[in-house]
Amino acid sequence: MHNNTPEQAPLGVLIIGSGFAGLGLAMRLRQQGSDDFLILEKADQPGGTWRDNDYPGAACDVPSHLYSFSFEPKTDWSRRYAPQAEIFTYVQQCIAKYQLQPRIRCSSEVSEAWFDESAALWRVTTVDGAQFSARALVSACGQLNRPLYPQIAGIERFAGESFHSARWRHDIDLSGKRVAVIGTGASAIQFVPEIVPKVQQLTLFQRTAAYVLPKPDRAYSRFELALMQRFPWTQKLDRALQYLYHEARGVAFFVLPGLMKLYRGSFLRHLQRQVSDPELRARLTPDYPLGCKRILISNDYYPALAQPQVEVVNQAIHEVSEHGVISADGREHAADVLIYGTGFAASDFLAPMHIRGLGGLELNQAWKEGAEAYKGISVNGFPNLFILYGPNTNLGHNSIIYMLESQFPYVLSCLQQLQQGVRYLDVRAPVQQAWNQRLQHAIEHSVWEQGCNSWYKNAAGKHTNNWSGFTFSYRRHTRQPDWSDYDRVR
């Protein structure tokens with residue numbers, strides 16, 4: 001039922017990935033009455049980020065009402081910031097309501113895709129050898145889907161169990177164990193407080209301290225839940241207010257970065273309240289401007305680090321031994337379990353797939369100096385390829401769901417062109433170049449260019465991930481394609 005070969009009638013749309021991006025576009029296609037699409041998912045079930053990241057304490061750091069589709073509202077979120085299991089359930093509910101399961105092919109990791117110019121079709125092959133063809137190819141892989149493992153000497157020698165937080169080993173009981181955690185990013189600040197009470201000892205290896213602000217989280221009261229279910233407009237109002245609050249924060253990110261100093265005061269007060277040891281506080285105080293790296297929110301991270309069985313090591317790691325981790329000062333920190341909280345290969349868009357466009361041009365070659373796309377969606381030389389949550393569409397201040405909902409109508413308009421006699425759409429090179437020059441120029445004046453390294457940049461220092469302005473400006477840019485930006489081949 002899910003197979004499609006080049007010899008068969010091609011699909012209208014082939015979507016890679018079944019997270020919020022892929023499912024959201026599929027839901028929009030369903031709303032238009034379309035059934036001519038298929039989603040390829042590499043895992044054994046759909047769900048994206050919220051399927052993979054089921055570590056203890058996993059939760060969203062964007063309010064629930066913002067981190068859900070405006071066209072598929074949920075009025076019974078249990079908390080202001082939803083836990084992983086609840087978001088994953090929401091995803092399953094969306095799949096069921098829009099009857100998407102028959103249009104999802106799981107355990108189908110794409111290995112390569114190439115554009116057949118003579119037929120104006122994308123030819124796609126999966127790791128298991130299945131072949132598909134489609135008029136349009138949509139990448140909905142996201143930016144945070146491939147776990148990044150640190151390049152540290154001796155990792156293979158470690159005799160104990162080891163795993164990445166995005167591949168949590170629930171079969172391993174950490175009770176009474178000596179645990180070493182490498183990394184202090186958004187995942188670590190959530191799972192560390194959960195495992196500290198269980199372990200005999202936890203050694204946290206911190207390359208750079210993170211800014212951790214209070215998390216304004218709480219459970220919704222029975223009255224609030226009843227009110228939102230009885231009057232759904234109250235949920236929409238709350239969503240709108242949260243959107244405006246978060247959007248206003250963008251001023252400090254990319255208009256007046258100096259305003260971040262005001263937030264730093266809030267951070268220092270939070271740290272002072274939760275950590276009494278001045279030496280530990282000094283280790284947990286970042287030496288770069290607030291906002292330059294991702295800002296984190298937690299109410300229990302600092303108290304967890306202040307526990308007697310926890311040691312924060314900000315020495316660089318020299319190597320991993322059979323029995324633990326050796327820091328740069330030569331000290332061996334014994335460990336039974338090693339957990340990597342080292343994030344994702346965020347700037348390696350569409351990797352490890354091999355994508356070839358016009359004339360056999362490889363996407364890796366086109367992006368040899370860093371990924372870029374027109375409006376984060378289209379790439380010159382790769383007709384009828386549309387990227388959701390692509391280069392420079394990530395945010396530091398608001399919800400990515402808003403950005404996705406800006407991209408859906410744009411992509412749907414392009415798909416409509418393909419149904420109306422256009423063989424393929426290829427964004428013009430000067431248009432893409434001008435767009436990205438303006439974007440990179442704007443980022444130069446943002447807080448992200450204040451002298452720190454982060455996953456917002458690639459190895460060469462190019463900003464490949466973040467959008468450079470307000471989300472409402474991005475929505476204005478993507479409201480309707482300007483067909484003069486594209487070569488439309490009929």
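Here the side chain of Arg283 pairs no donor or acceptor atom with the backbone of Asn314 at under 3.5 angstrom. At least one donor-acceptor pair closer than 3.5 Å links the side chain of Arg30 to the backbone N or O of Gln99. One N or O on the side chain of Lys457 and one on the backbone of Cys452 form a donor-acceptor pair closer than 3.5 Å. Listed for the Tyr55 side chain is no donor-acceptor partner under 3.5 Å among the backbone atoms of His164. Without hydrogens or angle criteria, Arg281 side chain to Ser276 main chain gives a donor-acceptor distance under 3.5 Å. Between the Gln235 side chain and the Pro73 main chain, no donor and acceptor come within less than 3.5 Å of each other. A distance-only check finds no donor-acceptor pair linking the side chain of Gln45 to the backbone of Cys106 [under 3.5 Å]. Side-chain atoms of Arg239 come within 3.5 Å of backbone N or O of Ser68 as a donor-acceptor pair. Within the 3.5 Å criterion, the main-chain N or O of Ser78 finds a donor-acceptor partner in the side chain of Glu86. Of the possible polar contacts, none joining the Ser165 side chain to the Ser187 backbone as a donor-acceptor pair under 3.5 Å is found.
Taking each heavy atom of Arg28 and Gln31 in turn, the nearest pair found is NH1-OE1, 2.5 Å. Across all their heavy atoms, Trp77 and Ser64 have their closest contact at CG-CB, 3.4 Å. Taking every heavy atom of both residues into account, Pro193 and Asp300 meet most closely at CG-OD1, 3.5 Å. Across all their heavy atoms, Thr393 and Gly376 have their closest contact at CG2-CA, 3.8 Å. Cys414 and Pro481 make their closest contact through SG-CG, 4.1 Å (heavy atoms, listed as atom of the first residue, atom of the second, distance). Here the closest non-hydrogen pair linking Thr126 and Leu40 is CG2-CD1, 4.1 Å.
Contact of the Ile15 side chain with the Leu388 side chain is not registered, since no non-hydrogen atoms from C-beta on lie closer than 4.5 Å. Inter-residue side-chain proximity for Ile401 and Phe69 is flagged as met; some heavy-atom pair is nearer than 4.5 Å. Proximity of Ser399 to His246: side-chain heavy atoms (C-beta onward) are nowhere separated by under 4.5 Å. Residues Cys94 and Glu72 have side chains in contact (heavy-atom distance under 4.5 Å, counting atoms from C-beta outward). Looking only at side-chain heavy atoms (C-beta outward), Val199 and Val337 stay at 4.5 Å or farther from each other. Side-chain atoms of Tyr340 and Ser162, non-hydrogen and from C-beta on, do get closer than 4.5 Å to each other. Taking the side chain as every heavy atom from C-beta outward, Gln450 and Tyr288 never approach each other to under 4.5 Å. Proximity of Asp238 to Gln242: side-chain heavy atoms (C-beta onward) are separated by under 4.5 Å at one or more points.
Ring geometry for Tyr67 versus Phe20: interplanar angle over 60°, hence perpendicular rather than tilted (30 to 60°). Between Tyr456 and Trp448, the ring planes are perpendicular. Angles over 60° get that label, and only those under 30° would be called parallel. Ring geometry for Tyr374 versus Trp435: interplanar angle over 60°, hence perpendicular rather than tilted (30 to 60°). Ring pair Tyr98/Phe71 is perpendicular by interplanar angle, where above 60° counts as perpendicular and below 30° as parallel.
When only modelled atom types and interatomic distance are considered, Gln274 and His270 share a side-chain donor-acceptor pair under 3.5 Å. Inspection of the Arg264 and Tyr211 side chains reveals an N or O donor paired with an N or O acceptor under 3.5 Å. Side-chain contact check for Ser18 and Glu41: at least one donor-acceptor pair (N or O, by modelled atom type) lies under 3.5 Å. Residues Ser327 and His333 bring a donor and an acceptor atom of their side chains to less than 3.5 Å of each other. Between the side chains of Asp36 and Ser34, no donor-acceptor pair is found at a separation under 3.5 Å. Between the side chains of Gln407 and Tyr474, at least one donor N or O sits under 3.5 Å from an acceptor N or O. Side-chain contact, Asn398 with Glu247: a donor N or O sits under 3.5 Å from an acceptor N or O.
By the 6.0 Å contact criterion, NZ on Lys177 is enclosed, its count of non-hydrogen atoms from other residues, nucleotides or ligands being greater than 12. Surrounding CD of Glu444 are more than 12 heavy atoms belonging to other residues, nucleotides or ligands, all under 6.0 Å away. Within a 6.0 Å sphere centred on CZ of Arg218, heavy atoms belonging to other residues, nucleotides or ligands number more than 12. Within 6.0 Å of the NE2 atom in His441, the count of heavy atoms belonging to other residues, nucleotides or ligands does not exceed 12. Within 6.0 Å of the CZ atom in Arg80, the count of heavy atoms belonging to other residues, nucleotides or ligands exceeds 12.
The line from CZ of Phe470 to CZ of Phe253 is 11.0 Å long, rounded to the nearest 0.5 Å. In this structure, the separation between CG on Asp52 and CZ on Arg167 is 4.5 Å, given to the nearest 0.5 Å. Here the straight-line distance linking atom CG of Asn392 with atom CD of Gln440 works out to 5.5 Å at 0.5 Å rounding. Rounding to the nearest 0.5 Å gives a distance of 5.5 Å between CG of Asp54 and CD of Gln84. Atom CD of residue Gln200 and atom OG of residue Ser175 lie 11.5 Å apart, to the nearest 0.5 angstrom. Remark: Leu439 CG to Ser468 OG distance equals 4.0 Å, nearest 0.5 Å.
Among Tyr220, Tyr90, Tyr81, Tyr402, the single residue meeting the ring pair (Phe, Tyr, Trp, His ring centres under 6.0 Å) criterion with His65 is Tyr220.
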Please step through side-chain contact (heavy atoms from CB on, under 4.5 Å) for the pair Ile339 and Phe191, ending with a clear verdict. CA-CA 10 Å; Ile339 303 176; Phe191 72 73; 3.8 Å; yes
Let's go through Val379 and Trp367 carefully: what are the C-alpha distance in whole Å and the side-chain angles of both, what is the deciding distance for side-chain contact (heavy atoms from CB on, under 4.5 Å) to 0.1 Å, and is it a yes or a no? CA-CA 10 Å; Val379 182; Trp367 283 351; 3.7 Å; yes
Pair Leu29-Leu415, side-chain contact (heavy atoms from CB on, under 4.5 Å): steps then yes or no: CA-CA 10 Å; Leu29 286 167; Leu415 297 178; 4.2 Å; yes
Show the numbers, then the answer: is there a side-chain contact (heavy atoms from CB on, under 4.5 Å) between Leu284 and Val212? CA-CA 9 Å; Leu284 297 174; Val212 183; over 6 Å; no
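Note that Lys375 lies outside the cation-pi zone of Tyr410, set by a 6.0 Å cut-off to the ring centre and a 45° limit from the axis.
Under 4.0 Å is where a charged nitrogen must lie from a carboxylate oxygen, and between Glu372 and Lys462 at least one such pair does.
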